[in-house]
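This is a predicted model, so every value here is computed, not measured.
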Amino acid sequence: MTPGMASAFSSPTSRNEDGLYLPENASWFTRLRVSVRALKILEKQPDDGIAAPLLGASMDGGVFAQHVARLLGTDAGRALLRERPSLQGSVLDLHRLRALPEGTLGHALTQYYRDNGIQPFE
């Protein structure tokens, strides 16, 4: 999330049917409570479009905002945010990544996919 962008997770209008939402500047306790509620929802409805991102948002505790602030402080970081490259499945060469040495990010990524029986997003 970039600075100045309103978070859909902090708005009371982003509640799911269980009334789950994350207030702006939520305390650690509130983030923990929201995380537990989101996990309970996801246990029954793993594709819930509000609970899944709320779980991530409540657990990050502002880490993503800190990273964005650091990126905005450099020319290279601003270019990265402007271009927004992604790891779409269509651009990943999983065979080549799998061949990288153990301990590399590419090898670990393909191991994660293999261990969990998933494929990259398209």
Side-chain angles (χ1 to χ4, degrees):
M1 179 175 7
T2 59
M5 179 188 297
S7 170
F9 307 127
S10 62
S11 168
T13 61
S14 296
R15 296 172 194 248
N16 69 356
E17 60 273 1
D18 297 302
L20 184 66
Y21 77 105
L22 184 64
E24 283 283 335
N25 302 315
S27 68
W28 178 86
F29 179 75
T30 298
R31 291 192 331 263
L32 181 62
R33 181 179 50 79
V34 169
S35 297
V36 169
R37 288 186 63 205
L39 281 171
K40 288 179 181 179
I41 291 168
L42 290 168
E43 183 177 36
K44 296 174 185 167
Q45 300 170 326
D47 60 345
D48 187 287
I50 299 292
L54 266 173
L55 175 62
S58 62
M59 296 302 291
D60 87 50
V63 171
F64 292 118
Q66 292 169 7
H67 288 306
V68 168
R70 282 190 211 120
L71 287 169
L72 287 171
T74 66
D75 290 337
R78 285 188 293 277
L80 181 65
L81 290 173
R82 197 171 36 255
E83 296 165 8
R84 296 186 182 270
S86 67
L87 292 177
Q88 296 295 317
S90 59
V91 298
L92 291 177
D93 184 344
L94 294 179
H95 297 293
R96 189 168 162 205
L97 292 173
R98 188 174 297 121
L100 292 171
E102 191 169 327
T104 61
L105 177 61
H107 186 85
L109 179 67
T110 59
Q111 184 69 41
Y112 175 80
Y113 287 144
R114 188 174 36 239
D115 290 352
N116 291 286
I118 58 176
Q119 295 293 317
F121 291 114
E122 292 292 335

Check your understanding: So does Ile118 have more than 12 non-hydrogen atoms from other groups sitting under 6.0 Å from CD1?
Key ->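 For Ile118, atom CD1 is crowded (more than 12 foreign heavy atoms under 6.0 Å).
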To check you understand the geometry: which heavy-atom pair defines the closest contact between [X] and [Y], and what is its length?
| X | Y | value |
| --- | --- | --- |
| Met59 | Ser35 | SD-OG, 3.0 Å |
| Thr110 | Arg98 | OG1-CA, 3.5 Å |
| Thr30 | Pro23 | CG2-CD, 4.0 Å |
| Ile41 | Ala51 | CG2-CB, 3.8 Å |

Transitive ILVMFWY side-chain link [X] to [Y], under 4.5 Å:
| X | Y | answer |
| --- | --- | --- |
| Leu97 | Tyr112 | yes |
| Val36 | Leu42 | no |
| Leu32 | Leu54 | no |

How long is the span from the [atom1] atom in [X] to the [atom2] atom in [Y], to the nearest 0.5 Å?
| X | Y | atom1 | atom2 | result |
| --- | --- | --- | --- | --- |
| Leu81 | Thr74 | CG | OG1 | 8.5 Å |
| Leu100 | Gln111 | CG | CD | 13.0 Å |
| Asp75 | Leu80 | CG | CG | 12.5 Å |
| Arg31 | Leu55 | CZ | CG | 12.5 Å |

Review point. How far apart are the C-alpha atoms of Gln119 and Leu94, what are their side-chain angles, what is the distance that settles it, and do they pass the side-chain contact (heavy atoms from CB on, under 4.5 Å) test?
Key: CA-CA 10 Å; Gln119 295 293 317; Leu94 294 179; 4.1 Å; yes
